[in-house]
2 protein chains.
Amino acid sequence: MRDFTKKLRVLLVDDNANHLRGIKELLSIETSYSIVGATRSANLAINLIKKYHPDIVLMDVNMPEKDGLQTIQAISKLGLSTKVIILSGYDDSDLIYRAMKLGAKGYVLKTMASSKLIDAIEAVAEGKVYLPSILATRFFDYFQSSAREEARVSAEENLLSSLTSRENEVLELLTQGINYKSIASQLIISDTTVKTHVNNIFQKLQVNDRTNAVLYALTHGFKVNNNKKIEHLTTV
Amino acid sequence: MRDFTKKLRVLLVDDNANHLRGIKELLSIETSYSIVGATRSANLAINLIKKYHPDIVLMDVNMPEKDGLQTIQAISKLGLSTKVIILSGYDDSDLIYRAMKLGAKGYVLKTMASSKLIDAIEAVAEGKVYLPSILATRFFDYFQSSAREEARVSAEENLLSSLTSRENEVLELLTQGINYKSIASQLIISDTTVKTHVNNIFQKLQVNDRTNAVLYALTHGFKVNNNKKIEHLTTV
DNA sequence: GATTTTATCAATCAAGAGATTTAGATAAGT
DNA sequence: ACTTATCTAAATCTCTTGATTGATAAAATC
């Protein structure tokens, strides 16, 4: 829980002067907040944060000068305990996703009741994340669909599965940027043998050189294979 | 909102028979649910889902046979509208993160009040995501820290920034697995010039061959650069 | 037991890649 | 005007890479 004997120091950033005034009035009703600044400029906001170390920054993401997402990132980089709550007019999945990814701790739509803004400030001040149900759902849909895309690429019928375990070992070393000789000495086989394996890998992956083999491996979820023989496994 | 004239069809999966019985009783009090099955086996669960297409699957993630996360993935792959709610004894960030990534729509701790489970079912049935405040915070901390790691690697003092714009173009083509000749013809310069650029790239990235240059580029956030000359830009 | 797969090694040969040096033409900055 | 950075190009030389063909032995599969 936050220390209620101390006022929460809040900075407002919104390029719209009317919104700025509105929020300022709203917060001034509450006695537990002190507004350390209210600015229309993202760049100025960064300076104010450096100077005053506010607990909370309420920020509009739709600003022209410096885009809101960049500003969040810039704030995160300061390494302060300052927490960012996003104010936005849109419930765009991608925007929510990126804002949260860059370090925002809360996200409030301008269309929401103003009491929600207070809820958000309180929650975030206590170290929680504030994301209204509808936005959380949007966020997760986006999050899961991008994860599915990753999974699809790496799980799809890919040519990597046709590699033998030795070829996998060789490819693993190829993806580390190692040349024939070093691969040979690491696997304790001759370099001509390595060449044979590499050529077989090329055939199977349908590429003509190591760079493309490595690229194929990396973009198709190639992982170090731990193909130990099953009979050597002990089940607990 | 869900159709309250129809009962929600729920499947229970938990390797602990007592938990299974407990949840079953809990849900049977509510008249709006019909339990289509209750099993201790993850593999059996998959078959039951294929057969009965339940609306909701309540699943324990701590099962021996098939691990819970794999099961979520398997369920997602079925492509049904079945939604998974995780029951777990732990509030492990990584577990929450992975479960949500794999397609879970809700996450409830066993230590939580049983009314929360009903809340979760209702929320998820309505298409929302259910993640209690504390778990949401855990999730986002994990999510943001892994995003920070990515950003760190790509933003850290990296050697890519020393490349000229022409070298960037060449590197871009290298990362596509293209050879000297093709790069030359694409950039409409001689291949000896390409070699010069490539050599300069090697020097700057401190590598000795193209595979390592490509690997460096890919692991250090190399992006296609749109370095058009500033005087050609039109500001709107 | 016969067949296939896998892993190993070898010897060529040609092509590509990379190091190095030199150098002219611009462009930009001091 | 002087300096520096960049892009371009060429020549030469060495080394690596990749293609091809062929062969043996062990292991797995049928």
What's the [atom1]-[atom2] distance between [X] and [N], to the nearest Å?
X      : N      : atom1 : atom2 : result
B:I189 : D:dA10 : CD1   : C1'   : 14 Å
B:L171 : D:dC7  : CG    : P     : 13 Å
B:L163 : D:dA5  : CG    : P     : 16 Å
A:I188 : C:dC9  : CD1   : C1'   : 16 Å
A:R166 : D:dA25 : CZ    : P     : 19 Å
B:E167 : D:dT6  : CD    : P     : 7 Å

Does the [X] side chain pair with the main chain of [Y], one donor and one acceptor, at a distance under 3.5 Å?
X      : Y      : value
A:S182 : A:I178 : no
A:Q144 : B:L102 : no
B:R40  : B:D15  : yes
B:T219 : B:L215 : yes
B:S88  : B:K110 : no

Any side-chain donor paired with an acceptor under 3.5 Å for B:S190 and B:T192? yes

Can we say [X] and [Y] salt-bridge, meaning some charged N sits less than 4.0 Å from an Asp/Glu carboxylate O?
X      : Y      : result
A:K105 : B:D141 : yes
B:D91  : B:R138 : yes
B:K195 : B:D191 : no

Near DNA chain C, which residues from [range] have a heavy atom under 4.0 Å away?
range                       : result
residues 190-200 of chain A : A:S190, A:T192, A:T193, A:T196, A:H197
residues 178-186 of chain B : B:N179, B:Y180, B:K181
residues 205-212 of chain B : B:N208, B:D209, B:R210

Of B:V57, B:I56, B:I85, which is the lone residue that meets side-chain contact (heavy atoms from CB on, under 4.5 Å) with B:V10?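 Result for side-chain contact (heavy atoms from CB on, under 4.5 Å) with B:V10: B:I56.
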
Considering the options B:L80, B:L48, B:V36, which one meets the side-chain contact (heavy atoms from CB on, under 4.5 Å) requirement together with B:H53?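 The single option meeting the side-chain contact (heavy atoms from CB on, under 4.5 Å) with B:H53 is B:L80.
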
